[in-house]
Engineer: 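Take a look at the following structure, please.
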Amino acid sequence: MFLLILLPGLTGCGSYNRLVTLEQNVNKKWADVQSVYQRRADLIPNLVQTVAGAANFEKSTLTEVTNARASVGQVKLDSSKAPTDAAELEKFQQAQGQLSTALSRLLVVSENYPQLRATEAFQKLQTQLEGTENRISVERNNFNAAVQEYNTALEQFPTNMLNKMFGFKSRPFFTAQPGTDKAPEVKFDFNKPPATPAPATKP
Amino acid sequence: MPTSLLARFVLAFASLVLFGANLLQAAETIPPKPAGYFNDYAGVVSKDAALRFNEQLAQFERETSNQIIVAVWSKFPSASSLDDFAQRTYQIWQPGQKGKNNGAVLFVFVEDHKMRIQTGYGLEGALPDITCDDIIRNEIAPQFRTGNYEKGFAQGIDSIFKAVRGEYKGSGKTVLDKNDKGHGGIGLLGFVIFFFILLIALRVARSRGGYRYSSMGGPFFGGWSSGGWSSSSSSGGGFSGFSGGGGFSGGGGASGSW
């Protein structure tokens, strides 16, 4: 008789605590995601400065990066709490995706400027950018895994009865954007040849 | 009968472990945890050099607690990118101490002329991407280009040591040393349990009229204690084995080619 009352109560407490832990984990992973995106954003002024110093560098590519960086700054989400609104995350992801595209375009275009690529400053920036992109994909994956675990727990019995009681909400994922997994296509303007003829040297 | 029930349970468990491991290996392209610190699966350096590097790396863990692993294959095994492969492999091997995450792995693929230094979270400060890139570009790659792998590894390992030393303090023991210390107690208990299981298994096998299962205990436990993969090198005298401390990586490091 006791057990009949006690048992659901106990499992309820356990599930509640588990949900709280999982939710905190999602928030922590979200903070990690935010910090790697911030790391990338912090690299950009330096990158722009270095590239702008190179003679005749295509201005449009640079402007694109600067603009994308600015719009990323406008889509600020709370870094301590993972978004609950899918549209909010989508907006964030779109802005960051634009920056990714602009950046990889810039890296591709830079292959036409061997003098720029040979400078130490540029090499360092490129290494840092690549490392940051890699970290972004790692932390996004970690975040998605945390969200999945949390969302699954929300759906399961008996936790699914708690989420209405205590207002737990499922969290949206990062989705792979069409095109972002591929390097963007770059069309060169062959009427305006770059400062130095571009030999097809790859590191 | 309770004994036969237990025996069945034990056998079922053992086969589950065996088959489970097999399935995992078949499904994943991720190589299992390496036996040592310096793992030359491609055979590009001499055995002496490999042992020497291995000892250096093990000693480095004793002194600093940093776990630096080198793994050399002839061919890149995955269909995905090097960065992705390195990240996923790292998460399985887990070099670096738990909580400190102070590990790093140098991956080398000889035929592909590709390499990557992947750093754990805890070494991102001492071994930033730029430093990794510098080590690959200026210390390792030039030597590899001339075919002098031994010197490339020597310089690469040295530069990593230089960059990382001072970041953490060691306890004078590797993770495996510590585990082995506990082995004295657990080892005896394990031995008793193992004997018990063997006895039951033998009895069951006999009652079924065959020794089919009795041989199972042998290779299973034997493979376990030697650490799996490259058992050929692990039996050498004075070889320091590697056991991951539970470190994680956030994708730090740099890739390069030669």
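Here is how names work: the chains are called A, B, and so on, in the same order as the sequence lines, proteins then strands, and each is numbered from 1.
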Engineer: Below 4.5 Å from any heavy atom of chain A, which atoms of B/Tyr90 appear? Answer side chain, backbone, both or neither.
Structural biologist: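 It is neither, since no heavy atom gets under 4.5 Å.
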
Engineer: Where on A/Asn141 is there a heavy atom nearer than 4.5 Å to chain B: the side chain, the backbone, both, or neither?
Structural biologist: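 No part of A/Asn141 comes within 4.5 Å of chain B.
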
Engineer: Look at the rings of A/Tyr37 and A/Phe174 and say which category their plane angle falls in: under 30° parallel, 30 to 60° tilted, over 60° perpendicular.
Structural biologist: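 Rings of A/Tyr37 and A/Phe174: tilted, 30 to 60°.
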
Engineer: Residues in salt bridge (charged side-chain N to carboxylate O under 4.0 Å, His left out) with A/Glu23, at least two apart?
Structural biologist: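 Partners of A/Glu23 by the salt bridge (charged side-chain N to carboxylate O under 4.0 Å, His left out) criterion, ordered by chain and then number, come out as A/Arg171.
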
Engineer: Within the 3.5 Å criterion, strictly below it, is a donor on A/Gln38 or A/Asp42 matched to an acceptor on the partner's side chain?
Structural biologist: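 The answer is yes; a qualifying pair exists.
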
Engineer: Which residues satisfy the ring pair (Phe, Tyr, Trp, His ring centres under 6.0 Å) test with B/Phe153, sequence neighbours excluded?
Structural biologist: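 Checked B/Phe153 against ring pair (Phe, Tyr, Trp, His ring centres under 6.0 Å); matches are B/Phe38, B/Phe144.
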
Engineer: Quick one: which of B/Ser249, B/Gly256, B/Gly250 has the most heavy-atom pairs under 4.5 Å with chain A, could you say?
Structural biologist: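 Of B/Ser249, B/Gly256, B/Gly250, B/Gly250 has the most heavy-atom pairs under 4.5 Å with chain A.
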
Engineer: Considering only heavy atoms and a distance below 4.5 Å, find which of A/Glu139, A/Gln128, A/Arg135 pairs most often with chain B.
Structural biologist: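 Top count of heavy-atom pairs under 4.5 Å with chain B: A/Arg135.
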
Engineer: What residue in B/Cys132, B/Ala254, B/Gly251 has the most heavy-atom pairs under 4.5 Å with chain A?
Structural biologist: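 With the most close heavy-atom pairs to chain A, the winner is B/Gly251.
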
Engineer: Measure from the ring center of A/Tyr16 to the ring center of A/Phe168 and say whether it is less than 6.0 Å.
Structural biologist: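 Aromatic pair counts; centres sit under 6.0 Å.
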
